[in-house]
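Here the structure is laid out as structure tokens; the discussion comes afterwards.
Order of listing sets the numbers, starting from 1, for every ligand and every atom in it.
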Amino acid sequence: MENLDWGALGFDYRKTDFNARFYYRDGKWSDMEICDSEYINMHMSAACLHYGLELFEGLKAFRGKDGKVRLFRVKDNALRMQSSARRLCLPVPTVDMFVDACCEVVRRNERFIPPYGTGASLYLRPLLIGTNAVLGVKAATEAMLVIFASPVGAYFKEGLKPISVIIDREQDRAAPRGTGDVKVGGNYASSILSGSHAHERGYSNVLYLDTVERKFIEECGAANFFGIRDGKYITPKSGSILPSITNKSLRVLAADLGLEVEERPVSIEELSTFSECGACGTAAVISPIGKIVDMQTDDVYDYGTEVGEYSQKMFNTLQDIQYGRAEDKYGWCTVVE
Ligand code: PLP
Ligand code: COI
């Protein structure tokens with residue numbers, strides 16, 4: 001095993017040994033190639049560089065208490081990559097290609113899978129890009145799927161400590177009927193400015209509103225939002241939110257805890273009624289939100305400095321499943337042999 005300070009890892013790129021690649025040419029996908037280079041040799045006029053024909057995924061492998069390595073909900077990520085690829089008219093990889101390559105990348109980078117008990121995991125980043133040379137704006141005819149890995153720690157340096165977020169009134173993340181519900185690079189490009197402004201003002205993240213009425217909560221940076229109130233787990237529903245696999249899992253765990261699950265438009269007026277709220281995603285896991293400030297009205301919603309009861313319980317159960325401490329009764333984990 002690599003000799004790293006596993007407990008000190010942040011969410012940063014770190015070189016590992018191998019990545020997996022597939023190439024789409026002449027109407028078909030190649031077999032998987034295993035590569036030890038971190039670089040891609042690409043035409044300067046490649047469609048991904050000019051017109052953003054690029055999409056990605058993010059998922060984690062965990063070394064369990066029993067020493068087994070588990071990939072969390074890899075098939076769901078494969079299906080979401082397919083939906084992103086259809087939206088950008090990129091060649092659609094099969095679920096098997098995606099799942100097999102993720103398992104192979106985990107196996108080949110075994111020495112970078114953080115030891116059990118460090119709180120760290122191996123993050124996988126599948127990336128699909130249009131590679132043929134273009135000048136006109138049109139669908140890509142050639143593409144490359146790369147899957148690489150990087151050991152990571154917490155996304156927010158606060159860990160499971162509540163974060164402060166700001167409701168952005170300056171920029172929008174995604175438009176209705178745009179690409180907000182798929183995982184394409186363009187969504188993240190348009191979030192950089194608001195993210196930087198939030199950081200400059202001392203906030204960890206941005207809470208985005210819907211772009212029609214600016215009344216409903218959409219997402220919390222690169223994570224979904226949830227609130228807890230009166231025995232309910234409430235999470236926004238909108239056509240421009242990325243369907244988070246973590247959120248989908250928390251909805252199940254919340255119901256197991258006896259909470260009623262509501263997935264519906266959530267107005268900012270409801271913020272004052274939540275007893276706890278949080279951001280959830282693969283990188284963020286659950287990041288409890290301690291404070292939300294509205295940039296326009298200066299309204300402050302304060303949820304305190306402690307982790308809420310339900311956020312803590314859901315976090316524990318989710319991690320218990322991921323680290324093999326609890327029964328995986330929904331079959332979410334793929335054990336990589
Ligand atoms: N929303 C956005 C915009 C994201 O980038 C992510 C991260 O993947 C999520 C939500 C959370 O999704 P998941 O739980 O599938 O990682
Ligand atoms: C993830 O949670 O996997 C993400 O993709 C977030 C990332 C954009 C930092």
Close approach of [X] to ligand 1, heavy atoms, under 4.0 angstrom:
X	result
Arg80	yes
Ala223	yes
Lys183	yes

Is it true that atom [atom1] of [X] has more than 12 heavy atoms of other residues, nucleotides or ligands lying nearer than 6.0 Å?
X	atom1	value
Lys28	NZ	no
Glu38	CD	yes
Arg14	CZ	no

Indicate whether any N or O donor in one side chain lies under 3.5 Å from an N or O acceptor in the other, for Ser30 and Tyr24.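 No, Tyr24 and Ser30 have no side-chain donor paired with an acceptor closer than 3.5 Å.
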Indicate yes or no: does an N/O atom of Ile245 lie under 3.5 Å from an N/O atom of ligand 1?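 In this structure, Ile245 places an N or O atom under 3.5 Å from an N or O of ligand 1.
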Could you say whether the N/O atoms of Thr246 and ligand 1 ever approach to under 3.5 Å?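 N/O-N/O distance under 3.5 Å: yes.
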Would Glu262 and Lys232 count as a salt bridge (charged side-chain N to carboxylate O under 4.0 Å, His left out) if you check the C-alpha gap in whole Å, the side-chain angles of each, and the deciding distance to 0.1 Å? CA-CA 7 Å; Glu262 290 184 0; Lys232 290 183 181 155; 3.3 Å; yes
Side chain, backbone, both or neither: which part of Glu57 comes within less than 4.0 Å of ligand 1 when only heavy atoms are counted?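 It is neither; nothing of Glu57 touches ligand 1.
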N/O separation below 3.5 Å, Lys183 to ligand 2: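 The answer is yes, given that Lys183 and ligand 2 share an N or O pair closer than 3.5 Å.
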Can you check whether Ala283 has an N/O within less than 3.5 Å of an N/O in ligand 2?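 There is such a contact, yes.
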Tell me the protein heavy atom at minimum distance from [atom], and give that distance in Å.
atom	answer
atom 5 (O) of ligand 1	Tyr188 OH, 2.4 Å
atom 10 (C) of ligand 1	Glu219 OE1, 3.3 Å
atom 6 (C) of ligand 1	Ala222 O, 3.2 Å

Using a heavy-atom cut-off of under 4.0 Å, does the side chain or the backbone of Glu57 touch ligand 2, or both, or neither?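 The answer is neither.
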Set out, in order, the CA-CA distance, both residues' side-chain angles and the distance that settles salt bridge (charged side-chain N to carboxylate O under 4.0 Å, His left out) for Asp66 and Arg325, then state yes or no. CA-CA 8 Å; Asp66 53 5; Arg325 294 186 295 252; over 6 Å; no
Only heavy atoms of [X], strictly under 4.0 Å: list the atoms of ligand 2 that pass.
X	result
Ala222	6 (C), 8 (C)
Phe11	9 (C)
Tyr123	1 (C), 3 (O), 4 (C), 5 (O)
Tyr188	8 (C)

Can you check whether Phe226 and Tyr233 have ring centres sitting under 6.0 Å from each other?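 For Phe226 and Tyr233, the ring centres are under 6.0 Å apart.
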Spell out, yes or no, whether Trp6 and Leu122 are grouped together once hydrophobic residues are joined by side-chain heavy atoms under 4.5 Å, including indirect joins.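 No, it is not one cluster - the side chains of Trp6 and Leu122 are not joined through contacts under 4.5 Å.
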Would you call the rings of Trp29 and Phe22 parallel, tilted or perpendicular, taking 30° and 60° as the class edges?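 Answer is perpendicular, since the angle exceeds 60°.
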Donor-acceptor pair, side chain of Ser194 and main chain of Gln171, under 3.5 angstrom: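 Flag not set: sc Ser194 to bb Gln171 has no pair under 3.5 Å.
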Using modelled atom types only, decide if a donor and an acceptor are shared between the side chain of Glu276 and the backbone of Ser311 within a distance under 3.5 Å.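 Checking the backbone N and O of Ser311 against the side chain of Glu276, a donor-acceptor pair under 3.5 Å is found.
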Cation over ring, Arg63 on Tyr116, under 6.0 Å and within 45°?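 No, cation not above the ring by the 6.0 Å, 45° rule.
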Would you indicate which of Ala283, Gly281, Ser191 comes nearest to atom 11 (C) of ligand 1 when only heavy atoms are counted?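 Residue with the shortest heavy-atom distance to the ligand atom: Gly281.
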For Asn224, counting its heavy atoms only, list the atoms of ligand 1 lying under 4.0 Å from any of them.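 Every atom of ligand 1 under 4.0 Å from some heavy atom of Asn224: 1 (N), 10 (C).
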Going by the order shown, which atoms of ligand 1 are within less than 4.0 Å of some heavy atom of Thr282?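 Matching atoms, with element in brackets: 13 (P), 14 (O), 16 (O).
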